[in-house]
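Step one of this worksheet: look at the structure below.
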Amino acid sequence: MSVHAAQKRISAPDIRARKGGEPIVSLTSYHAHTAAIADKYVDFLLVGDSLGMVMHGFETTLPVPLELMIMHGRAVTRGARRALVVVDMPFGSYEESPAQAFRNAARVIKETECGAIKIEGGARMAETIQFLSQRGIPVMAHIGLTPQSINVFGGFKTQGRERAQWEAIENDARAVTEAGAFSVVLEAVAEPLAAKITKSIDIPTIGIGASAACDGQILVMEDMLGLSPKVARFVKEFGKVGQAIEGAIKLYADDVRTRKFPGAENTYEMKD
Ligand code: KIV
């Protein structure tokens, strides 16, 4: 048995079973080394298509190709041994039909060895969620503000501030639950609605900008580390990694310029 297989990984059913229990901790991850660090503390890591904006400088998530998700997905499953790894299906890779979604999601699972995929959309994606779930692909749904529909929403805005918006979002939550999703991300959903949905469905809700009423939370790792140049108001920055990187690069540049650099007596052996 490989060392890999010896450690039990958290599965989609394990996350599903956490409904109403201890809060589920999750972060996005795009990179093997940070995945290995986060793995000790989180229940799942999401290889979010936000990597297009965070890692590759796109303005939105729309240009992200499936191949990029697979490449980063592989890095994260190599770095993390314990957490469930969920890979986002990018825009254009699943909306056309359940068959298209299955073909691409199966490729993601085979090539990354992740344990689940995530798709955006509520009632309109219910048929696809059912199709995938019945064919061995655990699906995390994503409702409320769905960034792949940014051109329809017209911007990043809180969903469900007006009572008139509630029914559609509640219907989405019910539809993805009935279709077999093992959990659902609620993004930018107003607190009273997030609380109502969390009470009314029997799969865990994972909030991002949707209050502590949810069963778990997710943040973009770079945002909570203090590495993103701009973050939404709801984001708490738990570190100042951007400043730490700049400070270290400045010290390095000073060392190079003042010729304070290790000599030939230093070898390529690794430090302890
Ligand atoms: O792509 C992403 O990072 C996401 C999270 C914001 C939930 O979908």
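Start at 1 and go down the list; that is how both ligands and their atoms are numbered.
- Atom 6 (C) of ligand 1 has as its closest protein heavy atom Ile208 CD1, 3.5 Å.
- The part of Leu46 lying near ligand 1 is the side chain, judged by heavy-atom distances below 4.0 Å.
- With hydrogens left out, the protein atom closest to atom 8 (O) of ligand 1 is Lys118 NZ, 2.9 Å, a heavy atom.
- Which of Gly209, Ser50, Pro90, Ser26 comes nearest to atom 3 (O) of ligand 1 through a heavy atom is settled by distance: it is Ser50.
- When atom types are taken as modelled, the side chain of Thr158 and the backbone of Ala188 share no donor-acceptor pair closer than 3.5 angstrom.
- Remark: ligand 1 atoms within the under-4.0 Å shell around heavy atoms of Gly48 are 1 (O), 2 (C), 3 (O).
- Taking distance alone, with nitrogen or oxygen atoms compared against 3.5 Å, Asp49 approaches ligand 1 more closely than that limit.
- Classification of Glu167 and Arg174 as a salt-bridged pair fails, no side-chain N sitting under 4.0 Å from a carboxylate O.
- In this structure, Arg18 does not pair ionically with Asp14, as no charged nitrogen and carboxylate oxygen lie closer than 4.0 Å.
- In this structure, Glu120 falls outside the shell of residues with a heavy atom less than 4.0 angstrom from ligand 1.
- Between Asp88 and ligand 1, at least one pair of N/O atoms sits closer than 3.5 Å.
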- Item | Full working for salt bridge (Lys or Arg N to Asp or Glu O under 4.0 Å) between Arg107 and Glu67 | CA-CA 10 Å; Arg107 192 175 154 207; Glu67 286 65 27; 3.1 Å; yes
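- Contact record, Val87 with Gly73: CG2-CA, 4.2 Å, taken as the closest heavy-atom pair.
- Looking at Arg16 and Asp202, their side chains come closer than 4.5 Å, going by heavy atoms from C-beta outward.
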